[in-house]
K.L.:
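This is the structure I want to talk about, given as structure tokens.
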2 protein chains.
Amino acid sequence: MKINAYAAMEPKGKLEAYSYELGEIGSEEVDIKVSYCGICHSDLSMINNDWGMTQYPLVPGHEIVGEVVSAGSSVKNVKVGDKVGLGWFSASCTSCQECMSGNHHLCSKAESTIVGRHGGFADYVRGHWTWAIPLPDAIDMSKAGPLLCGGITVFNPIILAGVKPTDSVGVIGIGGLGHMALKFLKHWGCEVIAFSSNPAKKNEILKMGATKVINSRDPEELASIAGKLNFVLNTTNVSLDWNSYISTLAPKGKLHTVGAVLEPMAIPAFSLIGGEKSVSGSPLGSPALTKTMLDFCVRHDIYPTVEEFPMEEVNKAITHLEEGKARFRLVLKK
Amino acid sequence: MKINAYAAMEPKGKLEAYSYELGEIGSEEVDIKVSYCGICHSDLSMINNDWGMTQYPLVPGHEIVGEVVSAGSSVKNVKVGDKVGLGWFSASCTSCQECMSGNHHLCSKAESTIVGRHGGFADYVRGHWTWAIPLPDAIDMSKAGPLLCGGITVFNPIILAGVKPTDSVGVIGIGGLGHMALKFLKHWGCEVIAFSSNPAKKNEILKMGATKVINSRDPEELASIAGKLNFVLNTTNVSLDWNSYISTLAPKGKLHTVGAVLEPMAIPAFSLIGGEKSVSGSPLGSPALTKTMLDFCVRHDIYPTVEEFPMEEVNKAITHLEEGKARFRLVLKK
């Protein structure tokens, strides 16, 4: 099958129309006709080879929703005609200890949709059935794509940390990831503090579910909530004064990062010891939890706030994202 | 009441015989006749004013077992004649959110037995009834003192982390704290890896319950258990290559420190994110958990390995500890 896609041919290159031949489908694989594909910051990182693991040509795109058009003979859970989502991962071994424990996202052999293979800025994309997540009938396809990567990335920590409706929580960085975290935590029933360095976003942030917006660049505002939060989620990938956020935690509070900060985090042991606090991290979430999240989203009408571009305008969309103008997540329509 | 004690009169000073007058007992307080008192590294830190909060004269000693000889009118749980233990904390407010949640050790008004007041290198010591922990009848008083501080310090993380008998765990630093952790974890049913930089201790460490001893200074030995441990407890207070220990953790593994390392810990976010790992810390434990621990110790005959000195020889004992010769915990007999 010939795939029509958009690919980066070199680091930081503009995307170009690009075709490639998809070989015979494996017995456990499905081919998905792409309806929408979100643009994630990791797509930019991969286009730019920030992580040193990009192979060119690269077809980015890993927040895919579409329809199964072909399924291998051993495929389970989904069938031709089903609406599915495909996120950062496109395959796991299904048999290691982590896969057998339901943690397919922690499988050491997990394949990423855009590492060493081609992603969703295309008419079709292929993946293993485990990661072709069945979509609820009532889902809004035009907004669902970003849930498959950004959404599950911030949903998983809420589950891992055992956040309760009675908790006071904080979200650092209200962008593509953070704004989804706000929406989840609002529906969780929590008191939600948004840490933002951009006062211009304040009203929008309050509308999305924050109880209060704290200017993260103002030490006094940070100090005003010292010792109050049970859970703080960092969605940025810049080096912060981590200890000032640890000090916003209540006893037994958890600071969790999904932002892949490159510089090691400087964490004073005393700050953890005194209040039984922790610092943790996580990548995405399991297929089972992704399905659970999608059901929750449909039940509560939770979607990312998206701007839509036709897929032909992918470069325009990428520029929009690079310029920090995305409010808050971009989706390409095929 | 006149108390006969041993006190440091200045930073790093030898302890001297010292008497002080204990005022009238408070309605919620008990006076304890000291039978035995352990010597903890924190006693050294306080004698040396390492933490800048020592008031001289200082009577150290916060691993006390003895008998209640006087009790205020509002004292609960214990009465005159009861055997009790008193550890790092001697009072909590009993009414804040943390105390009301059972976390008296996280009370912001908690008093330490040797900060701004006098401890257990003495014939009597006073404390609030909440921290006068009733001792099980069958307990061996001569070895129980160190359980009240060192013991609960390493027991609490095992509970906090939810360590299971099926887990593989590691203990960094096999000294006063670490050797107690080994004994607890052995009785938990875990596979227990001891990280030690002192090969001379190897046989002793294996006898105390380690399944295997890893030379923590040998990168190859560390690498040999990469990705295998569910829980690693750091009991040292020196700056380590934290990432090399994080790499010994299995997915969802927890690195927990009770060692009050002064230099901030350098924790790469990527190392946490990839495997849903965490770094955490804790101080001691609650009175309720201390009681639970003591029952567990008696049921399984778990005690620190102690060397006993008469209290008059306190300076000899302190020198023994300072020279790194303690095997593994020192106790003063009154």
Side-chain angles (χ1 to χ4, degrees), chain A residues 51 96-99 101 103-108 110 153 156-157 159-162 226-228 234 236-243 246 250-286, chain B residues 51 96-99 101 103-108 110 153 156-157 159-162 226-228 234 236-243 246 250-286:
Chain A
W51 299 328
C96 70
Q97 185 72 359
E98 293 309 319
C99 283
S101 302
N103 304 319
H104 303 76
H105 61 306
L106 303 180
C107 169
S108 63
T153 295
N156 188 34
I159 300 294
L160 288 176
K228 297 207 173 146
N234 172 51
T236 74
N237 57 8
V238 294
S239 216
L240 300 172
D241 176 2
W242 303 108
N243 199 38
I246 293 175
K252 296 179 180 283
K254 298 170 184 182
L255 171 63
H256 189 99
T257 186
V258 296
V261 191
L262 291 176
E263 194 185 339
M265 303 167 79
I267 309 292
F270 268 103
S271 303
L272 300 180
I273 291 172
E276 289 183 358
K277 298 175 182 178
S278 69
V279 177
S280 50
S282 63
L284 301 109
S286 70
Chain B
W51 300 328
C96 71
Q97 186 70 0
E98 293 309 319
C99 283
S101 303
N103 303 319
H104 303 75
H105 61 306
L106 303 181
C107 169
S108 63
T153 295
N156 188 34
I159 300 294
L160 289 176
K228 296 205 173 147
N234 172 51
T236 74
N237 57 9
V238 294
S239 216
L240 300 172
D241 176 2
W242 302 109
N243 200 38
I246 293 175
K252 295 179 180 285
K254 298 169 184 184
L255 171 63
H256 189 99
T257 186
V258 296
V261 191
L262 291 177
E263 194 185 341
M265 302 167 79
I267 309 291
F270 268 104
S271 303
L272 301 180
I273 291 172
E276 289 183 356
K277 299 176 181 178
S278 69
V279 177
S280 51
S282 64
L284 301 110
S286 70

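None of the values given here were measured: they were computed from a predicted structure. Letters A, B, ... are given to chains in the order of the sequence lines, protein chains preceding strands, and every chain is numbered from 1.
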K.L.:
Hey, which of B:S271, B:P251, B:S101, B:S108 has the most heavy atom pairs under 4.5 Å with chain A?
P.N.:
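Winner by heavy-atom pair count: B:P251.
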K.L.:
Shorter than 4.5 Å, heavy atoms on both sides: which option in B:A269, B:P264, B:S282, B:S280 has the most such pairs with chain A?
P.N.:
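Ranked by heavy-atom pairs under 4.5 Å with chain A, first place is B:S282.
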K.L.:
Supply the atom-to-atom distance B:L272 CG to A:T257 OG1, rounded to the nearest 0.5 angstrom.
P.N.:
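Answer rounded to 0.5 Å: 8.0 Å.
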K.L.:
Walk me through it: do B:K252 and A:L106 pass the test side-chain contact (heavy atoms from CB on, under 4.5 Å)?
P.N.:
CA-CA 9 Å; B:K252 295 179 180 285; A:L106 303 180; 4.1 Å; yes
K.L.:
Among B:V261, B:L284, B:N237, which residue forms the greatest number of heavy-atom pairs with chain A at distances under 4.5 Å?
P.N.:
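It is B:V261.
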K.L.:
What is the distance from atom OG of A:S278 to atom CG of B:L255, rounded to the nearest 0.5 Å?
P.N.:
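Rounded to the nearest 0.5 Å, the OG-CG separation comes to 11.5 Å.
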K.L.:
Where on A:I267 is there a heavy atom nearer than 4.5 Å to chain B: the side chain, the backbone, both, or neither?
P.N.:
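For A:I267, backbone and side chain are both near chain B.
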K.L.:
Measuring heavy-atom distances to chain B, does A:V258 have an atom under 4.5 Å in its side chain, in its backbone, in both, or in neither?
P.N.:
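Interface part for A:V258: backbone (N, CA, C, O).
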K.L.:
Is A:N243 close to chain B through its backbone or its side chain, or both, or neither, when contacts mean heavy atoms under 4.5 Å?
P.N.:
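For A:N243, neither part sits under 4.5 Å from chain B.
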K.L.:
So which part of A:N103 gets closer than 4.5 Å to some heavy atom of chain B, the side chain, the backbone, both or neither?
P.N.:
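Side chain only.
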K.L.:
In terms of heavy-atom pairs under 4.5 Å with chain B, which of A:H256, A:E263, A:M265, A:K254 leads?
P.N.:
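Greatest number of close heavy-atom pairs with chain B: A:M265.
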K.L.:
Determine the option with the most heavy-atom pairs under 4.5 angstrom with chain B, choosing from A:A266, A:P283, A:G259.
P.N.:
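Maximum pair count with chain B is reached by A:P283.
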K.L.:
So for B:N156, is it side chain, backbone, both, or neither that comes closer than 4.5 Å to the heavy atoms of chain A?
P.N.:
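Side chain of B:N156 only, per the 4.5 Å heavy-atom cut-off to chain A.
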K.L.:
Taking it one step at a time, do B:H105 and A:E276 satisfy side-chain contact (heavy atoms from CB on, under 4.5 Å)?
P.N.:
CA-CA 10 Å; B:H105 61 306; A:E276 289 183 358; 2.6 Å; yes
